[in-house]
Structures are given as structure tokens and as C-alpha cells.
Amino acid sequence: MSKLSDTQALILSAAAQREDRIALPLPESLRGGAAAKVVGAMLAKGFLQEVDADMRKGEPVWRETGDGHGVTLVATDAGLAAIGIEPEDANTAPAGATDAPTEKPAPDTPTGPEATPKARTPREGTKQATLIAMLRAPDGATIEEIMAATGWQSHTVRGAMAGALKKKLGLEVTSEKVEGRGRVYSLPRD
């Protein structure tokens with residue numbers, strides 16, 4: 001696994017929280033040459049991918065390609081895996097990834113009784129599995145405890161809870177303030 005900088009982890013965490021995985025906007029503090037350097041490194045490692053931006057939908061543009069078109073940045077499966085988020089098995093091609101029109105129904109269009117989301121389980125031994133086990137413990141876990149167990153930064157822990165657990169796996173993460181421990185996060189136990 002490639003080591004990520006805090007900025008790269010922040011970009012991927014933010015993209016993971018968006019349904020379309022678009023990595024824009026970049027953090028406020030990342031501009032100009034620094035932004036180009038960070039994004040270039042992430043493109044080279046395969047963590048991000050340039051795809052045609054659907055400007056009719058108002059997708060943010062990373063760079064213009066001329067004649068009124070542009071490309072945006074999308075987190076790849078490898079990028080999500082780098083922050084411990086298991087990529088979806090289904091078609092994960094972002095909107096605008098191809099220029100060819102598709103005849104498939106929109107991804108959120110129900111196609112019948114099989115449209116219910118599949119129950120997904122994380123792979124054993126991953127940081128995501130560790131996170132889930134800690135949150136299912138009787139006493140739950142604080143951000144600091146999860147950081148110590150996974151080696152993640154606090155923003156990555158929050159991103160994993162919001163993106164991977166809530167959005168991707170449909171788990172309900174709850175939190176409460178506990179005297180002497182601070183905010184404690186937990187999942188309903190099976």
C-alpha cells in the first residue's frame with residue numbers, strides 16, 4: 001500500500017463521501033503549483049482519474065480541454081482502497097467517464113424487486129474491519145482510539161465513518177458525549 005500524505009488522504013476522503021466520487025473542490029489551502037503537484041502524483045499512482053466533466057450538471061472542472069469542455073477528477077477504486085474503503089463491486093464508472101451514450105437506466109432507477117441494496121461486508125483484517133469491530137464494541141470508540149488502532153488521521157476516521165460506513169454500507173453510526181472520554185462513536189450490535 002502506498003503511503004499517503006495528509007493532503008492526499010483528505011482529498012480521497014472528501015471524494016469518498018460524494019456519490020459520484022468527484023475529488024473537487026480541493027482543500028482551500030491547496031492552490032496553484034502545489035495543487036498540480038499533489039494531483040499529478042495522485043494521477044500517477046492511480047488514486048485519481050481524469051474524466052470528462054458534465055458541465056450541464058455543473059460538475060467542477062479540474063482543467064479545460066478547449067472548445068468549452070473540461071475534465072474533472074474522480075477517486076478510483078485504488079484511491080478508495082488506499083484510505084481503507086472497500087470499492088463497490090458494481091459498475092463504478094463515474095458519470096462522464098465515457099463519451100458514448102448509454103442505454104442502461106440511470107443507476108438510481110429502480111429496476112424491480114431486485115433493486116434493494118446488497119448487504120456488504122468488509123474484508124477481514126482491513127482497517128475498515130477494525131473500525132467496525134471497534135464501533136461494535138460495548139463501549140464504542142473515540143476518534144483517538146480509532147486513530148491509535150488504524151494509524152489514520154482524524155479526518156480519515158471521520159471520512160471512513162461518513163463515506164464507507166454510512167453511505168456505502170448503510171450502517172448507522174451514532175455518537176454520544178461520555179464524561180471522561182469525550183465523544184464516543186458506536187454501531188448497533190448484531
Side-chain angles (χ1 to χ4, degrees), residues 1 4 6-27 47-48 57-60 73-95 104-190:
M1 177 184 295
L4 296 173
D6 289 346
T7 303
Q8 291 173 330
L10 184 64
I11 292 169
L12 291 171
S13 293
Q17 295 177 38
R18 298 183 185 109
E19 190 171 321
D20 51 13
R21 293 190 193 175
I22 292 180
L24 298 175
L26 297 174
F47 295 155
L48 292 178
K57 291 183 180 177
E59 289 181 349
L73 298 171
V74 176
T76 63
D77 288 348
L80 296 182
I83 58 171
I85 297 175
E86 188 173 322
E88 292 183 21
D89 298 328
N91 179 14
T92 56
K104 293 180 183 176
D108 57 348
T109 304
T111 57
E114 299 165 5
T116 57
K118 291 192 302 186
R120 301 184 60 204
T121 57
R123 290 176 293 159
E124 290 184 31
T126 63
K127 291 181 179 180
Q128 185 179 9
T130 301
L131 171 64
I132 291 172
M134 291 181 76
L135 294 176
R136 286 205 168 129
D139 295 335
T142 64
I143 294 286
E144 291 76 20
E145 293 166 347
I146 296 168
M147 289 170 57
T150 61
W152 285 343
Q153 297 292 316
S154 61
H155 59 267
T156 305
V157 173
R158 289 185 184 94
M161 284 194 287
L165 302 187
K166 285 185 177 178
K167 285 189 175 179
K168 303 274 183 202
L169 299 176
L171 299 174
E172 184 179 339
V173 179
T174 59
S175 71
E176 63 179 314
K177 195 154 192 159
V178 175
E179 186 75 29
R181 277 183 84 191
R183 184 147 307 271
V184 175
Y185 297 86
S186 62
L187 285 171
R189 287 173 262 313
D190 292 329

Item to complete: For residues A15 and A23, report the shortest heavy-atom separation together with the two atoms involved.
Response: CB-CA, 3.8 Å
Worksheet entry | Straight-line distance of Q128 CD to I83 CD1, nearest 0.5 Å | 9.5 Å
Discussion item. Going by the rule side chain to side chain donor-acceptor pair (under 3.5 Å), which residues pair with R181 if we only count those two or more places apart in sequence or in a different chain?
Written reply: E145
Worksheet item: CD of E172 to OG of S186: how many Å apart, nearest 0.5 Å?
Response: 9.5 Å
Practice prompt. Please examine the side chains of I132 and L187, heavy atoms only from C-beta on, and report whether any two atoms are closer than 4.5 Å.
Written response: yes
Worksheet item: At what distance, to the nearest 0.5 angstrom, does OG1 of T130 lie from CG of L135?
Response: 10.5 Å
Throw together a table of side-chain donor-acceptor distances under 3.5 angstrom for residues 147-165, partners on residues two or more places apart or in other chains.
from : atom 1 : to   : atom 2 : distance (Å)
T150 : OG1    : I146 : O      : 2.8
T150 : OG1    : W152 : N      : 3.2

Fill in: Qualifying residues under side-chain contact (heavy atoms from CB on, under 4.5 Å), relative to P25, sequence neighbours excluded
R18
Worksheet item: Under the side chain to side chain contact (heavy atoms under 4.5 Å, CB included) criterion, do E59 and V74 qualify, and how do the steps go?
Response: CA-CA 11 Å; E59 289 181 349; V74 176; over 6 Å; no
Worksheet item: Taking all atoms of both residues into account, what is the closest heavy-atom pair of D139 and V184, and its distance?
Response: O-CG1, 3.2 Å
Discussion item. Between T76 (side chain only) and F47 (backbone N and O only), is there a donor and an acceptor less than 3.5 Å apart?
Written reply: yes
Discussion item. Using side-chain heavy atoms (C-beta onward) and a distance below 4.5 Å, is I11 in contact with L26?
Written reply: yes
Practice prompt. Specify the closest pair of heavy atoms between A75 and L80, including all atoms of both residues, with the distance to one decimal.
Written response: CB-CD2, 4.2 Å
Worksheet item: Of all heavy-atom pairs between R21 and D77, which one has the smallest distance, and what is that distance?
Response: NH1-OD1, 2.9 Å
